[in-house]
Q: 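Sharing a structure below in structure tokens format, with a few things to ask.
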Amino acid sequence: MQRSTLTAATRRLAFAAGVAAVSLTATACSDNNDGGVSPTTPRMYNQIQRLGNPLVSEVLLSKRSHPTHGSIGPDQDATLVAPEVVDFLTTVAGRDPAYINAIAPALIPDVLVVDTSVDPSTSSWLSTTLSGGWGGRKLQDDVVDLALTAVFGSALGDASHATPELTTDNVGDDSPNITSTFPYLASPN
């Protein structure tokens with residue numbers, strides 16, 4: 001009788017181990033890409049900052065507007081960001097309404113646009129808006145100078161009201177060693 005009790009206990013233990021193994025295998029084979037370790041309760045995250053186009057937040061918006069800009073989505077830019085950007089372009093940069101209307105789609109909403117139907121060799125910041133290019137940025141793009149040129153220069157061929165001396169930050173490329181393999185950037189300097 002003692003032997004049959006031991007055998008029954010061994011069988012129950014083996015069965016429990018088998019159920020545990022099947023459960024672990026089923027969990028590991030879920031459709032989730034998180035390895036089966038999803039949180040049991042939904043989590044909320046707070047957006048801290050959002051920078052798509054260089055200088056929208058850092059130059060075209062006043063410092064007091066940074067928290068608002070950083071906490072809203074691009075869908076709210078036309079209402080909450082555009083008036084201040086247009087005011088800067090009008091009063092500080094001295095641009096006329098026609099120039100502002102032409103450049104505004106590149107600045108508002110504050111996102112980077114990439115048109116994958118266009119040849120990627122045309123990639124450059126503002127190229128989707130200004131020249132029908134691919135968009136995005138090349139690693140070697142001096143996005144600060146490009147942005148300053150868009151605001152103060154003659155990026156659209158209109159030199160009226162341009163201020164060429166404000167089209168550069170006079171800072172050279174300090175990471176010239178871009179590699180041809182991922183992650184493409186040289187070691188930090």
Side-chain angles (χ1 to χ4, degrees), residues 45-116 118-178 183-189:
Y45 296 94
N46 293 324
Q47 177 176 308
I48 303 299
Q49 188 54 276
R50 172 176 62 97
L51 293 173
N53 289 316
L55 302 184
V56 168
S57 174
E58 301 305 314
V59 170
L60 302 178
L61 298 178
S62 63
K63 197 71 165 170
R64 71 177 175 272
S65 298
H66 287 198
T68 299
H69 176 260
S71 65
I72 63 172
D75 60 322
Q76 296 175 296
D77 283 352
T79 305
L80 300 174
V81 176
E84 192 169 345
V85 169
V86 169
D87 182 61
F88 182 93
L89 292 171
T90 304
T91 59
V92 177
R95 303 320 293 244
D96 60 35
Y99 191 89
I100 293 169
N101 288 336
I103 200 75
L107 303 172
I108 303 297
D110 184 12
V111 295
L112 287 178
V113 177
V114 174
D115 183 353
T116 59
V118 178
D119 180 5
S121 68
T122 64
S123 68
S124 180
W125 183 68
L126 296 181
S127 69
T128 52
T129 303
L130 301 181
S131 62
W134 191 76
R137 298 181 192 163
K138 295 176 188 166
L139 289 174
Q140 61 270 28
D141 282 351
D142 187 339
V143 292
V144 172
D145 281 2
L146 289 169
L148 289 170
T149 298
V151 172
F152 294 106
S154 54
L156 300 174
D158 178 15
S160 64
H161 305 292
T163 313
E165 57 274 10
L166 296 177
T167 59
T168 181
D169 61 357
N170 294 307
V171 176
D173 184 3
D174 63 349
S175 297
N177 300 323
I178 298 171
Y184 307 110
L185 300 174
S187 300
N189 45 357

Q: What are the two closest non-hydrogen atoms of His66 and Ser57, and how far apart are they?
A: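 Here His66 and Ser57 meet closest at NE2-O, 2.6 Å.
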
Q: Looking only at heavy atoms, what is the nearest atom pair of Asp110 and Arg50, with distance?
A: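 Scanning both residues, the minimum pair turns out to be O-NH1, 3.1 Å.
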
Q: Determine the minimum heavy-atom distance between Pro109 and Pro74, stating which atoms define it.
A: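 Reported closest heavy-atom pair: CB-O, 3.6 Å.
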
Q: Look only at the side chain of Asp169 and the backbone of Asp145, and say whether a donor-acceptor pair between them is shorter than 3.5 Å.
A: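 The answer is no, because no donor-acceptor pair under 3.5 Å joins these two groups.
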
Q: Ignoring hydrogens and angles, tell me if any N or O in the side chain of Asp77 forms a donor-acceptor pair with the backbone of Ile108 under 3.5 Å.
A: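 No; judged by distance alone, with no hydrogens or angles, the pair does not exist.
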
Q: Can you sort out the partners of Ile100 under side chain to side chain contact (heavy atoms under 4.5 Å, CB included), two or more places apart, ordered by chain and number?
A: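 So Ile100 forms a side chain to side chain contact (heavy atoms under 4.5 Å, CB included) with Val86, Leu89, Thr90, Arg95.
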
Q: Please give me the minimum heavy-atom distance between Phe88 and Leu60, naming the atom from each residue.
A: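 So the minimum-distance heavy-atom pair works out to CD2-CD2, 3.1 Å.
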
Q: How far apart are the closest heavy atoms of Ala78 and Pro83, and which atoms are they?
A: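 Taking every non-hydrogen atom into account, O-CD, 3.8 Å.
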
Q: Could you walk me through whether Thr68 and Ser65 pass side chain to side chain donor-acceptor pair (under 3.5 Å), step by step?
A: CA-CA 5 Å; Thr68 299; Ser65 298; over 6 Å; no

Q: Verify, without hydrogens or angle tests, whether Thr163 (side chain) and Glu165 (backbone) share a donor-acceptor contact under 3.5 angstrom.
A: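 Side chain of Thr163 to backbone of Glu165, a donor-acceptor pair under 3.5 Å: no, none is there.
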
Q: What are the two closest non-hydrogen atoms of His69 and Val56, and how far apart are they?
A: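 Shortest heavy-atom contact: NE2-CG1, 4.2 Å.
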
Q: Sorted by first residue and then second, give each salt bridge (charged side-chain N to carboxylate O under 4.0 Å, His left out) pair with at least one member in residues 146-155; sequence neighbours left out.
A: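 Salt bridge (charged side-chain N to carboxylate O under 4.0 Å, His left out) check on residues 146-155 returns no pairs.
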
